[in-house]
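For reference, positions follow the sequence shown, starting with 1. Values in this document were obtained by computation on a predicted structure and should not be read as measured data.
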Amino acid sequence: MIYLDGARIYMPQQYFRLMPFITKNSVQDYNFYTANFPAEYGGHLAPVLDVTVKEGSMTDYSGIIDLRLYDVGISVQGPVIETQSSFFI
C-alpha cells in the first residue's frame, strides 16, 4: 500500500509502467512499515509506504536538473504570492 501525503494511491503498479511518479528530488520524508503499523494504517496486511513530498519555497526561486544515463529530471520551486503560497514542479 502506498500513501502520498496521506492520500491512498490505488493500483500503483499502473503508474510505474509509464514513469516513476515519485522522484527523489520531490521527497521530503518517507516511512516504510513492514509490521506493527500505526493505527491510521490499521487493517492492512501488506507493507505500507508513506511518502511526504516537499513544499515549495515561499521566498526564493530555485531549480534542480538531474541528468542520468537513461533519464533527465527537472524540479522547479518558488513563491506564487510572496510568503502566502508556493509551487513545486
*Under the side-chain contact (heavy atoms from CB on, under 4.5 Å) criterion, do D5 and T52 qualify, and how do the steps go?*
CA-CA 5 Å; D5 279 342; T52 304; 3.6 Å; yes
Nearest-0.5 Å distance, [atom1] of residue [X] to [atom2] of residue [Y]:
X: I74; Y: N25; atom1: CD1; atom2: CG; result: 11.0 Å
X: T34; Y: L49; atom1: OG1; atom2: CG; result: 12.0 Å
X: I2; Y: F32; atom1: CD1; atom2: CZ; result: 9.5 Å
X: R8; Y: D50; atom1: CZ; atom2: CG; result: 13.0 Å

Cluster overlap [X] with [Y], hydrophobic side-chain contacts below 4.5 Å:
X: I89; Y: L4; answer: no
X: V72; Y: F88; answer: no
X: I81; Y: M58; answer: no
X: V27; Y: I9; answer: yes

*Which heavy-atom pair separates Q28 from E55 by the least distance, and what is that distance?*
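Minimum heavy-atom contact is OE1-N, 4.1 Å.
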*Looking only at non-hydrogen atoms, find the nearest pair between Y61 and P79 and report the distance.*
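Reported closest heavy-atom pair: OH-O, 3.0 Å.
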*asked:* Among S86, S62, S57, exactly one meets side chain to side chain donor-acceptor pair (under 3.5 Å) together with Q77. Which residue is that?
replied: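 Checked S86, S62, S57 against Q77; only one passes side chain to side chain donor-acceptor pair (under 3.5 Å): S62.
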*Please check if atom OH in Y30 has more than 12 non-hydrogen atoms from other residues, nucleotides or ligands closer than 6.0 Å.*
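No - once you tally the heavy atoms of other residues, nucleotides and ligands closer than 6.0 Å, there are 12 at most.
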